[in-house]
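Scroll down for the structure; my scribbles are underneath it.
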Amino acid sequence: MSERIFITGIGTGVGKTITSACVTEALQADYWKPIQTGLMEGTDTDTVHALLSNDVSVCHPEAWKLEAPASPHLAARLENKTINPDAIIARVESYTPVNRPLVIEGAGGLLVPVNDHYFTAELISDLGAKALIVAQNYLGSINHALLTSAMLKHLGIPVLGWVFTGDYHSNEDDIVKWSGYPKIGRIPWTEHVDKSFIQQQAQLLSASLHTLLA
Ligand SMILES: Nc1ncnc2c1ncn2[C@@H]1O[C@H](COP(=O)(O)OP(=O)(O)OP(=O)(O)O)[C@@H](O)[C@H]1O
Ligand SMILES: C[C@H](N)[C@H](N)CCCCCC(=O)O
Ligand SMILES: [Mg+2]
């Protein structure tokens with residue numbers, strides 16, 4: 001089976017979508033955001049699609065598109081709906097290419113609820129994916145990162161490693177040391193997030209991604 005890479009993060013707004021675009025471009029993978037919450041500012045799928053340069057990657061349609069920029073369980077409740085993870089799991093087989101990876105982006109961080117008794121971490125396992133953790137560099141990121149890695153270990157979820165976002169900070173080295181997970185790379189802050197930036201960062205991440213997936 002082709003690899004499924006679930007892009008999770010130490011929180012929301014940490015750079016998962018930009019990282020998803022870089023990883024998708026680097027691997028000529030397909031991309032899927034099963035649950036999109038918040039539609040006012042566009043969707044992550046549209047963002048990734050606009051940032052890709054290769055003509056192989058397919059961006060698959062979301063299973064859920066919810067209006068409120070909130071946790072999936074709450075955004076669904078506000079529309080009198082309940083997200084059924086089975087409907088998401090049922091699609092993953094057909095969305096996974098035969099000989100290329102599928103990049104799956106989560107909503108927010110690892111313990112974001114999908115409904116009132118099912119969390120994003122469970123979805124990673126049920127989708128048969130390995131986790132790639134996005135950690136933005138900020139004061140406080142050590143705690144958020146190590147809580148995330150501790151929970152992934154506790155649940156026995158396989159982890160590819162860390163992608164850090166933002167300017168270099170020694171937190172990266174401490175997080176790698178204390179988590180035991182490898183650093184895949186770092187995506188620096190840029191004035192212009194455009195196709196050429198994604199292509200450049202994809203090239204920089206490519207070697208370690210291919211090594212870890214070999
Ligand atoms: N390397 C970067 N340089 C400049 N801006 C960035 C970079 N990475 C992310 N951003 C910006 O920061 C914001 C949050 O990034 P992003 O959308 O990737 O977060 P996210 O973790 O995917 O959030 P969500 O949980 O909503 O999916 C976006 O406006 C994005 O354009
Ligand atoms: C709306 C936002 N951009 C994300 N799509 C969803 C973030 C959910 C965070 C839930 C939480 O951890 O409190
Ligand atoms: Mg995103």
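Counting starts at 1 for both ligands and their atoms, following the listed order.
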Shortest non-hydrogen contact between V48 and S20, atoms and distance: CG2-CB, 4.5 Å

[atom1] of [X] to [atom2] of [Y]: how many Å apart, nearest 0.5 Å?
| X | Y | atom1 | atom2 | result |
| --- | --- | --- | --- | --- |
| E122 | H117 | CD | NE2 | 9.5 Å |
| I187 | Q200 | CD1 | CD | 10.5 Å |
| K130 | E3 | NZ | CD | 3.5 Å |

For the residue pair H144 and Y138, is the inter-centroid distance of their aromatic rings smaller than 6.0 Å? yes

Under 4.0 Å, heavy-atom basis, I'd like to know which part of A70 is in contact with ligand 2: side chain, backbone, both or neither. backbone

Could you tell me whether V112 approaches ligand 2 through its side chain, its backbone, both or neither, with non-hydrogen atoms closer than 4.0 Å? side chain

Numbered atoms and elements of ligand 2 in range of P69, under 4.0 angstrom, heavy atoms: 1 (C)

For ligand 2, which atoms have a heavy atom of T37 less than 4.0 angstrom away? 1 (C), 4 (C), 5 (N), 6 (C)

Within the structure, does S71 bring an N/O atom to less than 3.5 angstrom of an N/O atom in ligand 2? no

Exceeds 12 heavy-atom contacts within 6.0 angstrom, atom CD of E93: no

Salt bridge between E62 and K33, side-chain N to carboxylate O under 4.0 Å? no

Ion pair D44/K16, N-O distance below 4.0 Å: no

Which is it for T24 and L52 under the side chain to side chain contact (heavy atoms under 4.5 Å, CB included) test, yes or no, and what are the steps along the way? CA-CA 8 Å; T24 299; L52 296 177; 3.9 Å; yes

Within-cutoff protein neighbour (heavy atom, under 4.0 Å) for atom 13 (O) of ligand 2: no

Polar protein atoms near the Mg ion (ligand 3) [N, O or S; cut-off under 2.8 Å]: T17 OG1, D44 OD2, E105 OE2

Does T120 form a side chain to side chain contact (heavy atoms under 4.5 Å, CB included) with L111? I'd like the steps, not just the answer. CA-CA 6 Å; T120 298; L111 287 186; over 6 Å; no

N/O pairs closer than 3.5 Å, ligand 1 and protein:
unit_1   : atom_1 : unit_2 : atom_2 : d
ligand 1 : 1 (N)  : P188   : O      : 2.9
ligand 1 : 3 (N)  : T190   : N      : 3.0
ligand 1 : 18 (O) : K16    : N      : 3.4
ligand 1 : 18 (O) : T17    : N      : 3.1
ligand 1 : 18 (O) : I18    : N      : 3.3
ligand 1 : 19 (O) : G15    : N      : 3.2
ligand 1 : 21 (O) : G13    : N      : 3.3
ligand 1 : 21 (O) : V14    : N      : 3.1
ligand 1 : 21 (O) : G15    : N      : 3.2
ligand 1 : 21 (O) : K16    : N      : 3.0
ligand 1 : 21 (O) : K16    : NZ     : 2.9
ligand 1 : 22 (O) : K16    : N      : 3.4
ligand 1 : 22 (O) : T17    : N      : 2.9
ligand 1 : 22 (O) : T17    : OG1    : 2.9
ligand 1 : 22 (O) : E105   : OE2    : 3.1
ligand 1 : 23 (O) : G13    : N      : 3.1
ligand 1 : 25 (O) : T12    : OG1    : 2.7
ligand 1 : 25 (O) : K16    : NZ     : 2.7
ligand 1 : 25 (O) : G108   : N      : 3.4
ligand 1 : 26 (O) : T12    : OG1    : 3.4
ligand 1 : 27 (O) : K33    : NZ     : 3.2
ligand 1 : 27 (O) : D44    : OD2    : 3.1
ligand 1 : 27 (O) : E105   : OE2    : 3.2

Closest by any non-hydrogen atom to atom 2 (C) of ligand 2: pick that one out of T17, T12, I35. T12

Please check if any side-chain donor atom of E105 sits under 3.5 Å from a side-chain acceptor atom of T17, or the reverse. yes

So if you build clusters from Ile, Leu, Val, Met, Phe, Trp, Tyr with side-chain heavy-atom gaps below 4.5 Å, do I5 and L155 land together? yes

Over 60° means perpendicular and under 30° means parallel, so tell me whether Y95 and H60 are parallel, tilted or perpendicular. parallel

